[in-house]
Amino acid sequence: MPMRALRATTAVASGHITKNLWRSTAICAVLAVIAALLMSVRALGLVALWADAFAFFVCTAGILVMLQSQVGYVSPHAPPPEEV
């Protein structure tokens, strides 16, 4: 029973991310720019926190761009689809 709930949850989450890849990438990019600006002005004396946030959002945006580049790609090594 827990595996069924896990699969249902991950299916919903991955479907949401897949449908909104560019939007999620843009949001992460904007948050990275905001974190970089806050880091550069040394906002609240928390430079390390803003640097960590910047690194996180840049890495997340990079991963989302890589995922977007694979949308619609079919590997030549993929097995043929099973006929029903």
For this session: First locate atom CH2 of Trp50, then atom CG of Leu37, and finally report the distance between them rounded to the nearest 0.5 Å.
Result: 11.0 Å

Exercise. Looking only at atom types and distance, does a side-chain atom of Ser24 sit under 3.5 Å from a main-chain N or O of Leu21, one as donor and one as acceptor?
Worked result: no

Seminar exercise, completed: Rounded to the nearest 0.5 angstrom, the CE-CG distance for Met39 and Asp52 is 10.0 Å

Exercise. Shortest non-hydrogen contact from Thr25 to Ala61?
Worked result: CG2-O, 4.0 Å

Exercise. Transitively linked via ILVMFWY side-chain contacts under 4.5 Å: Leu49 with Val30?
Worked result: yes

Exercise. Got a donor-acceptor contact below 3.5 angstrom from the Thr60 side chain to the Phe57 backbone?
Worked result: no

Exercise. Is Ile63 reachable from Val65 through a run of I, L, V, M, F, W or Y residues, each pair having side-chain heavy atoms under 4.5 Å apart?
Worked result: no

Exercise. Hey, what do you get for CZ (Phe56) to CG (Leu31), rounding to the nearest 0.5 Å?
Worked result: 9.5 Å

